[in-house]
Amino acid sequence: MQGDLGNNERVADPIIYVEQRIAAAFAKVGGAAAVGIDTAVRQSDRADAQVNGSLALAKAMGLTPREVALKVLEVVDLKDICSDAQVAGPGFINLTFKNEFLARELMASSTGKKLGVRNATKPRKVLIDYSAPNVAKEMHVGHLRSTVIGDALVRMLTYVGNEVVRENHVGDWGTPFGMLIEHLVDLGETHAAEELSVGDLDSFYRSARKKFDESETFQTRARTRVVALQSGDAETLRLWKLLVAESNRYFQKIYHTLGVLLEPTDVMGESAYNELLPQVTTRLGALGMMTKSDGADVVFPEGFTNRENQPLPLIIRKTDGGYNYATSDLACVIDRVERIDAELLLYVVGAPQAQHLQMIAAVATQAGWLKAPREMVHVSFGNVLGADKKMLKTRSGDTVKLDALLTEAVERAAKAVAEKNPDLTAEAQAEIARIVGIGAVKYADLSTDRIKDYTFDWDRMLSFDGNTSPYLQYAHARICSIFRRANVERASVRNFEPTISHVAERELAMKVLQFDSALWDTLDKYSPHRLCTYLYDLATSFSSFYEQCPVLKAENENEKNSRLMLCDLTARVMQAGLEVLGIESPEQM
RNA sequence: GCCCUUGUAGCUCAGUGGAUAGAGCACCGGACUUCUAAUCCGUUGGUCGUAGGUUCGACUCCUACCAAGGGCGCCA
């Protein structure tokens, strides 16, 4: 996925800006030899940016890298951009940007529509499958990552101009519903609804399970009920819908607390694909892809083997004639491609499903349902671990309920707020605690590489030091505070072209201008932690600036306005960055 | 047995084929009559799991091995 300049948004990142000129210079110097050479301009700790292409090109041209670099510098025109461009070390070109150039780029970012972020070159219709809780089961910590990562991707993809379709693949069908409905009948609808509406889904499920395990007559009832459900018995469906509705109401409550965009209309439960299931078998049959194996209808996609090194089947129709999740997932692909016409299908699903999803993709591709440029991507993620390095559990060994987890987050944050800022009203404290607590949980989840497991640690995620959301939020709040003190409207400084002089101003300016690169880099890999790392760097640069560069007591009016402009832009980037991660930015803390 | 993922400082984690591998915590030492010290600045700390290979150049790409976790036929 690529960014584009065609949205009236001038590219703000000086590194991207200079890249085009450098590439042209390399082509001029190297001619045919330069084709395929990486001329990318990169961030550097020795200068504002560095160019490495000379080292790669030298051999093909029969010159030393330094000679190539000198030739490139002869050809390239950087007068308006760089104050310095030097060959260094074995043949790197170190670039130093003019402060006036940085100031112009800051203006472009400040007055642009999206803080310098480019729109997608070709906006796509993107479908995101995420969250996926189960009806009549509590949402627990296992649903956290899918929900939070999926929500962040929705926001980021939307921000750069894609059309995003959210789908919550709720587990609302299957054999457990026989016992759940019978349990509902036993309790009486009113009482059952009460129990479900207070969110005590686990005990409901456990009681049903217990009866099922202990009573043969209950088992028989449950099995009969499953048959009735699948054959569309009206009364059974009515009871089933009751369960689904109560559960969805509860999920929505959690989503609201968590601050994710999922709505009831985004629910596309497994049951939604029931009518498509027979079509999956007939279409695969018509394509000649299905074979009988041990009584079941299966497809053998290429490249998958089992324990005995035999071809591994994807079971489409079980020996008993029933369908399973593979069938349902294939129906999903058909629906998403043919009805919704999504071009990119994102599955924000745990890593253990990798092979299953690969098989689904393989079969769907072989069947001709998934054709380039349509693509299916597994956005996989690892587990949430406790301090013991095992799956996070409560002290008593139960799964951690999401509801309880979020409540505790806000409580812990409230304690910190009360301690640090007791002068605020109770209402203000509660609101800040909510934003900080929820933000901390989400940020902890988003800020490490999603592919890895991560260790859940209250103290660390709520700390104001290090790569945490409170630290980022604090940077934002401090800026808001400056404007409150100055009694200056934020918007009034946005057209002021700043003068960059202090080294800390420069550092901060460079960081602010990298928002676009950071966001696109994040989208490129569907890895929100990259944006987190950027925002943390931005906050660090700001904190350093804040220490060294007085704003309200600047030496003169120009310096003061310059710094106010830089502060406002920093705050806006921070706020926008956090927002696409699904995290709010309080104005005071 | 086959396949996938992970392995970086005492701990938690970043790291785009480029120069001297970076943060935070912890440890030690500094800075509040100051725009929020919920902060900042400095010191200490590394066989990048191991061994080969590709390359001008490897934490990064390839191969093998070691370790941890996960997956591998009718649950979803």
Side-chain angles (χ1 to χ4, degrees), chain A residues 38 40 42-46 50 52-53 55-56 58-59 64-65 88-92 94 132 134 169 171 173-176 270 293-298 303-310 312-320 322-326 328-329 350-356 358 380 382-383 385 389-390 416-417 419-421 436 447-449 451-455 457 459-460 462-468 470-471 473-475 477-486 517 521 524-525 529-530 532-533 536-537 540 543-544 546-554 563 567 588-589:
Chain A
D38 180 14
R42 301 243 150 80
Q43 290 174 40
S44 169
D45 50 352
R46 315 260 177 128
Q50 68 177 37
N52 310 322
L55 288 87
K59 205 176 187 181
T64 68
F92 300 101
N94 285 346
N134 293 307
H169 199 64
W173 202 253
T175 45
E270 288 165 33
S293 178
D294 297 342
D297 291 318
V298 307
F304 296 90
T305 54
N306 67 10
R307 275 174 232 277
E308 285 75 42
N309 234 358
Q310 308 286 325
L312 182 67
L314 189 66
I315 294 169
I316 306 298
R317 197 166 190 191
K318 300 186 289 185
T319 304
D320 67 4
Y323 301 106
N324 66 359
Y325 71 124
S328 173
D329 284 345
Q353 305 268 1
Q355 191 187 46
H356 169 71
Q358 276 167 22
S380 71
N383 296 313
L385 305 181
K389 293 288 169 196
K390 293 179 182 163
V417 174
E419 194 179 304
K420 307 291 185 188
N421 215 337
V436 170
S447 59
T448 63
D449 192 350
I451 209 74
K452 300 180 187 174
D453 296 345
Y454 81 92
T455 311
D457 182 334
D459 291 334
R460 201 168 56 245
L462 284 162
S463 166
F464 286 78
D465 292 302
N467 190 8
T468 67
Y471 180 72
Q473 289 167 328
Y474 179 57
R478 279 174 128 181
I479 296 174
C480 294
S481 171
I482 290 175
F483 279 90
R484 270 198 305 274
R485 282 294 175 108
S517 307
D521 186 36
D524 193 46
K525 305 232 166 49
H529 83 281
R530 289 173 174 265
C532 295
T533 303
Y536 175 55
D537 283 346
T540 303
S543 297
S544 185
Y546 184 88
E547 292 290 323
Q548 298 173 61
C549 302
V551 178
L552 302 181
K553 290 174 188 161
R563 289 178 177 173
C567 280
Q588 53 181 327
M589 290 174 72

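Here is the naming used below: chain letters follow the sequence lines, and residue numbers restart at 1 for every chain.
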**Report entry** Inter-nucleotide C1' distance (B:rU20, B:rC62), Å rounded
**Finding:** 27 Å

Query raised in the report: Ignoring hydrogens and angles, does a donor from either the side chain of A:T319 or the base of B:rC74 sit under 3.5 Å from an acceptor on the other?
Result: yes

Requested in this report: Provide the distance between the two C1' atoms, one in B:rC35 and one in B:rA58, to the nearest whole Å.
Outcome: 47 Å

Query raised in the report: Taking only side-chain nitrogens and oxygens of A:K452, does any of them come within less than 4.0 Å of OP1 or OP2 of B:rG7?
Result: yes

Query - Watson-Crick/G-U partner (both atom distances under 3.5 Å) of B:rC13 - result: B:rG22

Report task. Please measure how far the C1' atom in B:rG29 lies from the corresponding atom in B:rA67, and state the result in whole Å. Result -> 39 Å

**Report entry** Rounded distance (Å) that lies between atom C1' of B:rU6 and atom CD1 of A:I451
**Finding:** 9 Å

**Report entry** Distance test, side-chain N/O of A:K59 to OP1/OP2 of B:rC56, below 4.0 Å
**Finding:** yes

Query raised in the report: Taking the same atom, C1', in B:rU47 and in B:rC66, what whole-Å distance lies between them?
Result: 16 Å

Report task. Name the nucleic acid region contacted by A:S293, choosing base, sugar-phosphate or nothing; use a 4.0 angstrom heavy-atom cut-off, strictly under. Result -> base

Query raised in the report: Within the structure shown, what part of the strands sits under 4.0 Å from A:S544 by heavy-atom distance: base, sugar-phosphate, or nothing?
Result: sugar-phosphate

Report task. Syn or anti for B:rC32, please, going by whether the chi angle lies within 90° of 0. Result -> syn

Requested in this report: Classify the nucleic acid contact of A:E270 as base, sugar-phosphate or nothing, counting any heavy atom under 4.0 Å across all strands shown.
Outcome: sugar-phosphate

Query - Interatomic distance, A:D537 CG vs B:rC13 P [rounded to whole Å] - result: 18 Å

Report task. May I have the distance from A:K318 (atom NZ) to B:rG73 (atom C1'), rounded to whole angstrom? Result -> 12 Å

Report task. Just say parallel, tilted or perpendicular for the rings of A:F464 and A:Y474, cut-offs at 30° and 60°. Result -> perpendicular

Report task. Return yes if some donor-acceptor pair links the side-chain N/O of A:Q548 with the main-chain N/O of A:S544 below 3.5 Å, else return no. Result -> yes

Query - CG on A:N324 to CG on A:D320, rounded to 0.5 Å - result: 9.5 Å

Requested in this report: Give A:E419 one of three labels, base, sugar-phosphate or nothing, depending on what nucleic acid heavy atoms sit under 4.0 Å from its own.
Outcome: nothing

Requested in this report: Scan A:A296 against the nucleic acid and name what it touches under 4.0 Å (heavy atoms): base, sugar-phosphate only, or nothing.
Outcome: base

Requested in this report: State whether A:S328 places a side-chain N or O below 4.0 Å from either non-bridging phosphate oxygen (OP1 or OP2) of B:rA76.
Outcome: no

Query raised in the report: About how many Å separate CG of A:L55 and CG of A:D38, when rounded to the nearest 0.5 Å?
Result: 11.5 Å

Query raised in the report: Touch check for A:L552, heavy atoms < 4.0 angstrom, all strands: base, sugar-phosphate only, or nothing?
Result: base

Query raised in the report: Should B:rG1 form a Watson-Crick or G-U wobble pair with both distances under 3.5 Å, which nucleotide is its partner?
Result: B:rC72

Query raised in the report: Starting at CG of A:L314 and ending at C1' of B:rA76, how long is that distance when rounded to a whole Å?
Result: 13 Å

**Report entry** Nearest-nucleotide 5' precedence on RNA chain B, A:P90 against A:K420
**Finding:** A:P90

Report task. Answer with base, sugar-phosphate or nothing: what part of the nucleic acid does A:Q50 contact at a heavy-atom distance below 4.0 Å? Result -> base

**Report entry** A:N421 side chain vs A:M589 backbone, donor-acceptor pair below 3.5 Å
**Finding:** yes

Query raised in the report: How is A:D449 classified with respect to the nucleic acid when contacts are heavy atoms under 4.0 Å: base, sugar-phosphate, or nothing?
Result: sugar-phosphate

Query raised in the report: Toward the 5' end of RNA chain B, which comes first, A:D453 or A:C549, by nearest nucleotide?
Result: A:D453

Query raised in the report: Does a nitrogen or oxygen in the side chain of A:R307 sit under 4.0 Å from OP1 or OP2 of B:rG71?
Result: no

Query raised in the report: Between A:H529 and B:rG15, does any side-chain N or O lie under 4.0 Å from OP1 or OP2?
Result: yes

Query raised in the report: Which value, in whole Å, describes the distance between the P atoms of nucleotides B:rG24 and B:rC40?
Result: 8 Å

Requested in this report: Classify the nucleic acid contact of A:P352 as base, sugar-phosphate or nothing, counting any heavy atom under 4.0 Å across all strands shown.
Outcome: sugar-phosphate

Query raised in the report: Does any N or O in the side chain of A:S481 come within less than 3.5 Å of the main-chain N or O of A:A477, such that one atom is a donor and the other an acceptor?
Result: no

Query - Side-chain N,O (A:T305) to OP1/OP2 (B:rC2) below 4.0 Å - result: no

Requested in this report: Take A:Y454 and A:S447 through the test side-chain hydrogen bond (donor to acceptor under 3.5 Å, both in side chains) and record every step on the way to the result.
Outcome: CA-CA 10 Å; A:Y454 81 92; A:S447 59; over 6 Å; no

Query raised in the report: Just checking A:Q43: base, sugar-phosphate only, or nothing, at a heavy-atom cut-off of under 4.0 Å?
Result: base

Report task. Sugar-phosphate atoms are those with a prime plus P, OP1 and OP2; base atoms are the rest. Using that split, label each nucleotide of nucleotides 21-30 of chain B B, S or - for protein heavy atoms under 4.0 Å, 5' to 3'. Result -> --SSS-----

**Report entry** N/O donor-acceptor pair under 3.5 Å between A:D457 side chain and A:R460 backbone
**Finding:** yes

Query raised in the report: Could a donor-acceptor pair under 3.5 angstrom be found where the side chain of A:R42 meets the base of B:rU16?
Result: yes

Requested in this report: For B:rU8 versus B:rU50, give the span between their C1' atoms, rounded off to a whole number of Å.
Outcome: 15 Å

**Report entry** Separation between CZ of A:R563 and CG of A:L552, rounded to the nearest 0.5 Å
**Finding:** 11.0 Å

Query raised in the report: Can you check whether A:Y546 reaches A:I479 side chain to side chain, under 4.5 Å on heavy atoms?
Result: no

Query raised in the report: Does A:K389 make a side-chain N or O approach to OP1 or OP2 of B:rG69 shorter than 4.0 Å?
Result: no

Query - Whole-Å gap separating P (B:rC72) and NE2 (A:H356) - result: 11 Å

Query raised in the report: Under 4.0 angstrom, heavy atoms only, what part of the nucleic acid is A:Y546 near: base, sugar-phosphate, or nothing?
Result: base

Query raised in the report: Which part of the nucleic acid does A:R317 contact within heavy-atom distance under 4.0 Å: base, sugar-phosphate only, or nothing?
Result: nothing

Requested in this report: Would you indicate what A:A56 reaches in the nucleic acid, counting non-hydrogen atoms under 4.0 angstrom: base, sugar-phosphate, or nothing?
Outcome: base

Query raised in the report: Contact class for A:A88 (heavy atom, under 4.0 Å): base, sugar-phosphate, or nothing?
Result: base

Report task. Hunt down the Watson-Crick or G-U wobble partner of B:rU63, both distances under 3.5 Å, from any strand shown, or write none. Result -> B:rA51

Query - Same-atom distance (P) from B:rU5 to B:rA64, integer angstrom - result: 13 Å

